S.K.: 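The structure follows.
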There are 2 protein chains.
Amino acid sequence: MVSIISVAKAAGVSNKTVSRVINGEPHVTEETRERVEKAIRDLGYVPNMAARQIRSSRSNTFGIITDYVSTTPYSVDIVRGIQDWANANGKTILIANTVGSSEREAKIWKMFQSHRIDGVLYVTMYRRIVDPAAGDVSIPTVMVNCRPQTAEDWPSIEPDDFQGARDLTRHLLERGHRKIGYIRLNPILLGAELRLDAFRQTAREFGLADSDLSIRLGMEGPVGAEENYVFAAATEILQQRDRPTAIMSGNDEMAIQIYIAAMALGFRIPQDISIVGFDDFRTVSMALKPQLTTAALPYYDLGLQGAEWLNRVVAGDKIRPSRRVLACKLIERDSVCSV
Amino acid sequence: MVSIISVAKAAGVSNKTVSRVINGEPHVTEETRERVEKAIRDLGYVPNMAARQIRSSRSNTFGIITDYVSTTPYSVDIVRGIQDWANANGKTILIANTVGSSEREAKIWKMFQSHRIDGVLYVTMYRRIVDPAAGDVSIPTVMVNCRPQTAEDWPSIEPDDFQGARDLTRHLLERGHRKIGYIRLNPILLGAELRLDAFRQTAREFGLADSDLSIRLGMEGPVGAEENYVFAAATEILQQRDRPTAIMSGNDEMAIQIYIAAMALGFRIPQDISIVGFDDFRTVSMALKPQLTTAALPYYDLGLQGAEWLNRVVAGDKIRPSRRVLACKLIERDSVCSV
DNA sequence: CAGTTCAATGACAACGTCGACAATTATTGT
DNA sequence: ACAATAATTGTCGACGTTGTCATTGAACTG
């Protein structure tokens with residue numbers, strides 16, 4: 001393999017001078033620099049990261065540890081955000097999935113250590129309170145889309161489910177809806193409670209009574225093997241005598257079944273029934289007809305800002321661990337109309 | 001950082017002996033081995049991959065280079081398959097996305113080289129004929145979900161779109177459907193033509209005339225900004241006097257709109273109209289009601305086998321570049337009935 | 001013009017690991 | 001008991017880089 005030494009020989013300079021050129025250090029004549037650069041090009045030399053790392057004991061690598069994220073369609077955008085940041089800042093990214101196994105997680109931390117990772121982004125697919133097995137290790141860590149048991153442990157960055165659900169609810173209320181159905185997310189997901197709370201609270205603020213709200217459970221059970229009641233729940237809600245004029249869905253995916261339930265009963269969307277989702281999982285929200293009004297989870301920015309934050313922590317910025325929250329933007333499409 | 005030397009000191013042996021223990025080499029007394037292992041545990045020593053790599057000039061790392069894969073919900077399973085294989089075989093994975101930019105792609109190859117990657121898995125999101133800018137580099141490469149311009153360049157592994165579409169068509173024909181609609185995938189995708197050809201050919205084999213087939217374009221235009229005609233096409237097909245009893249969808253996502261179009265016209269699925277998808281994109285195929293019968297793209301296995309194959313190439317197995325094809329399994333759910 | 005400063009370059013060591021080989025000790029055969 | 005053999009352990013150098021310090025020579029100061 002062509003090394004810095006071969007380049008030095010070819011350019012007739014010392015290896016240190018080549019090193020200076022590569023790293024853009026000063027104290028190199030323009031003429032020497034050009035000679036070296038030519039040699040680099042001619043030989044196709046590319047610096048060896050491993051050697052660099054060993055010398056500087058900095059790997060310039062971040063690790064992403066996830067439960068299912070990169071294996072799941074939903075939140076790949078988090079990973080994309082991280083990758084984009086890393087790419088723009090000359091960092092390398094190592095990704096590994098625990099698949100929920102803590103044995104596997106321990107192995108991953110070992111692997112990260114053996115690569116002398118500078119920092120870790122701990123990402124979960126479903127927003128949750130987690131307790132990374134990182135205990136025994138002290139690699140700087142930022143939690144993305146989840147939150148540590150005790151707020152002091154690590155910095156965390158999450159979507160603002162509450163605000164998203166509030167905005168969505170307001171959106172409906174401001175358009176005159178006074179009877180609203182709500183089909184709940186699987187309660188084991190942290191976002192589920194937040195979204196429901198926001199819905200309830202906002203409805204109350206607008207003077208709605210509890211009896212104006214038809215709240216039903218849409219799913220429950222362990223992730224990946226949940227019971228699905230969405231279709232039945234939507235059908236039931238829509239058949240009530242004094243039926244709601246709008247239904248909020250726990251997420252976009254569940255909205256598919258609400259659409260189908262509504263249509264099976266002969267309702268037109270949105271004329272007869274308005275529907276809103278959550279997540280802006282575009283494969284669904286844009287494939288539905290009419291396209292779904294929803295709140296966009298800021299996944300990409302979660303990743304981007306998480307990486308940036310981690311970088312600051314790694315660089316030694318003494319930021320005390322804190323929770324940061326990113327807004328969910330309301331995406332107005334065609335599934336809501338005024339009454 | 002704790003190195004092999006600190007361990008050696010702690011255990012009262014030479015660093016070479018520690019190295020032997022770490023790598024499970026013979027010629028170490030059981031007693032010494034234990035002493036060393038204790039020291040390793042006490043000090044929390046983890047071998048330094050970078051050092052290992054410069055010593056052995058083998059990085060044990062594979063690179064994944066993709067267009068949009070890891071940024072897109074569809075084919076993350078490919079990545080998961082690769083990761084699982086890598087994990088089981090002690091390899092490290094580096095992922096990078098070109099996002100379609102060839103400038104970016106060039107940078108990625110450089111990055112891979114600087115990490116002294118052993119081999120590259122070239123993965124595309126949409127099956128296509130590609131021509132990696134790898135030309136100037138000679139890193140062993142296996143193409144996954146795509147195919148090189150000239151078959152001799154690199155080995156490739158792809159899903160068998162033709163077989164999948166054939167099986168799906170047969171499934172309908174065997175259930176007595178004699179008038180079938182087909183809503184086409186965006187023609188810029190390689191799979192589009194294969195699937196359509198299989199549909200046409202199989203229908204002909206069963207004695208159907210061209211007039212029994214209602215073939216419509218569902219989407220066209222550049223990926224990410226395509227025109228969507230699915231709903232209109234489905235509506236039109238279903239309003240024909242002698243309408244089809246079944247519709248094949250270019251993929252699962254498009255099937256959403258077919259469902260909605262059918263329901264809007266008052267058809268029940270599958271009693272009045274059978275529908276099949278393609279891909280088995282479970283977020284959609286299982287969320288639909290009734291659940292969608294479809295053909296599963298073997299993404300996970302594509303990744304797994306691609307990685308395994310690459311490993312053999314890297315190890316020096318003189319396999320001449322060839323195309324390998326993996327079957328798409330028919331997934332029978334509830335959206336089809338006999339007529 | 002002597003003395004000082006500074007830019008350009010190089011020599012060398014060290015990072016952590018492991019392969020080649022040497023040295024030491026234990027075991028075996030006669 | 002003594003050489004021959006085998007098992008165990010150690011020494012040293014090299015991988016590719018860059019940090020530290022040294023050297024050279026030219027430009028500047030007064």
Side-chain angles (χ1 to χ4, degrees), chain A residues 1-40 43-61 90 92 110-118, chain B residues 1-40 43-61 90 92 110-118:
Chain A
M1 200 65 215
V2 30
S3 80
I4 209 171
I5 297 179
S6 2
V7 175
K9 258 185 216 138
V13 297
S14 77
N15 42 358
K16 179 68 224 202
T17 299
V18 177
S19 170
R20 274 189 266 259
V21 171
I22 296 167
N23 296 292
E25 288 171 30
H27 306 308
V28 183
T29 335
E30 194 49 37
E31 189 261 327
T32 333
R33 182 179 305 276
E34 271 162 23
R35 219 168 57 241
V36 171
E37 275 165 354
K38 180 170 181 330
I40 291 179
L43 275 63
Y45 165 78
V46 179
N48 183 326
M49 288 305 180
R52 220 174 240 187
Q53 184 202 130
I54 228 193
R55 185 65 250 268
S56 64
S57 69
R58 269 303 227 72
S59 64
N60 266 304
T61 302
T92 304
K110 271 256 160 15
M111 189 265 275
F112 280 175
Q113 284 183 78
S114 77
H115 282 278
R116 302 297 189 265
I117 293 274
D118 294 331
Chain B
M1 199 67 213
V2 31
S3 79
I4 211 171
I5 296 179
S6 1
V7 176
K9 259 186 214 137
V13 296
S14 79
N15 43 359
K16 179 67 224 201
T17 300
V18 177
S19 170
R20 274 190 267 260
V21 171
I22 297 166
N23 297 292
E25 287 171 33
H27 306 308
V28 184
T29 335
E30 194 49 38
E31 189 260 327
T32 338
R33 182 180 305 275
E34 271 162 21
R35 220 170 54 241
V36 171
E37 276 166 354
K38 180 169 182 330
I40 290 179
L43 275 63
Y45 165 78
V46 179
N48 184 325
M49 288 303 181
R52 232 176 228 187
Q53 185 201 131
I54 63 167
R55 186 65 249 276
S56 65
S57 71
R58 267 302 228 74
S59 64
N60 266 303
T61 302
T92 304
K110 271 256 160 13
M111 190 265 275
F112 280 176
Q113 284 183 78
S114 77
H115 282 279
R116 303 298 190 263
I117 293 274
D118 294 330

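Worth knowing before you read on, the calculation uses all heavy atoms, side chains too, and leaves out hydrogens, waters and symmetry mates. Here is the naming used below: chain letters follow the sequence lines, and residue numbers restart at 1 for every chain. Note that the coordinates shown come from a computational prediction; the quantities given were computed from them, not determined experimentally.
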S.K.: For B:Ile22 and C:dG19, give me the distance from atom CD1 to atom P, rounded to whole Å.
M.R.: 12 Å
S.K.: Does B:Ser56 use its side chain to pair, donor to acceptor, with the backbone of B:Arg52 at less than 3.5 Å?
M.R.: yes
S.K.: CD of B:Glu25 versus P of D:dT8: gap in Å, rounded?
M.R.: 13 Å
S.K.: Within the distance-only criterion (no hydrogens, no angle test), does the side chain of A:Ser59 pair as donor or acceptor with the backbone N or O of A:Thr61 below 3.5 angstrom?
M.R.: yes
S.K.: Using atom CD1 of B:Ile5 as one end and atom P of C:dA14 as the other, report the distance to the nearest whole Å.
M.R.: 11 Å
S.K.: Check the distance between D:dG25's C1' and A:His27's NE2 and give it to me in whole angstrom.
M.R.: 15 Å
S.K.: Over how many whole Å does the gap from B:Arg20 atom CZ to D:dG10 atom P extend?
M.R.: 8 Å
S.K.: Could you check which of C:dT9, D:dT17, C:dT17 has an atom nearest any side-chain atom of B:Arg116?
M.R.: D:dT17
S.K.: Side chain of B:Lys16: nearest nucleotide among C:dA11, C:dT9, D:dT11?
M.R.: D:dT11
S.K.: May I have the distance from B:Arg55 (atom CZ) to C:dT17 (atom P), rounded to whole angstrom?
M.R.: 12 Å
S.K.: Can a side chain N or O of A:Asn15 be found less than 4.0 Å away from OP1 or OP2 on D:dT17?
M.R.: no
S.K.: At under 4.0 Å, does any side-chain N or O of B:Arg52 touch on OP1 or OP2 of C:dG16?
M.R.: no
S.K.: According to a strict under-4.0 Å criterion, is B:Ser56 in side-chain N/O contact with OP1 or OP2 of C:dC18?
M.R.: no
S.K.: Could you tell me whether the side chain of B:Asn48 and the main chain of B:Ala50 form a donor-acceptor pair under 3.5 Å?
M.R.: yes
S.K.: Expressed as a whole number of angstroms, how long is the span from A:Ile4:CD1 to D:dG16:P?
M.R.: 11 Å
S.K.: For A:Pro26, answer base if it contacts any base atom (sugar-phosphate contacts may also be present), sugar-phosphate if it contacts only those atoms, and nothing otherwise; contact means non-hydrogen atoms under 4.0 Å.
M.R.: nothing
S.K.: Roughly how many Å is it from NE2 in B:His115 to P in D:dG16, rounded to a whole number?
M.R.: 17 Å
S.K.: With a cut-off of less than 4.0 Å, is there a side-chain N or O of B:Ser14 near OP1 or OP2 of D:dT11?
M.R.: no
S.K.: Taking 4.0 Å as the cut-off, does a side-chain nitrogen or oxygen of B:Thr32 come that near to OP1 or OP2 on D:dT9?
M.R.: yes
S.K.: Identify the two heavy atoms, one from B:Ala39 and one from B:Ala11, that lie closest to each other, and give their separation to 0.1 Å.
M.R.: CB-CB, 4.0 Å
S.K.: Less than 4.0 Å between a side-chain N and a carboxylate O, is that true for A:Lys38 and A:Glu34?
M.R.: no
S.K.: Identify whether any heavy atom of B:Ser57 sits under 4.0 Å from a base atom; if not, whether one sits that close to sugar-phosphate; answer base, sugar-phosphate or nothing.
M.R.: nothing
S.K.: Closest approach to the side chain of B:Ala51, judged atom by atom: which nucleotide of D:dG16, D:dG10, C:dT17 is it?
M.R.: C:dT17
S.K.: I want to check one thing: is the phosphate of D:dA7, taken as OP1 and OP2, less than 4.0 Å away from some side-chain N or O of B:Thr29?
M.R.: no
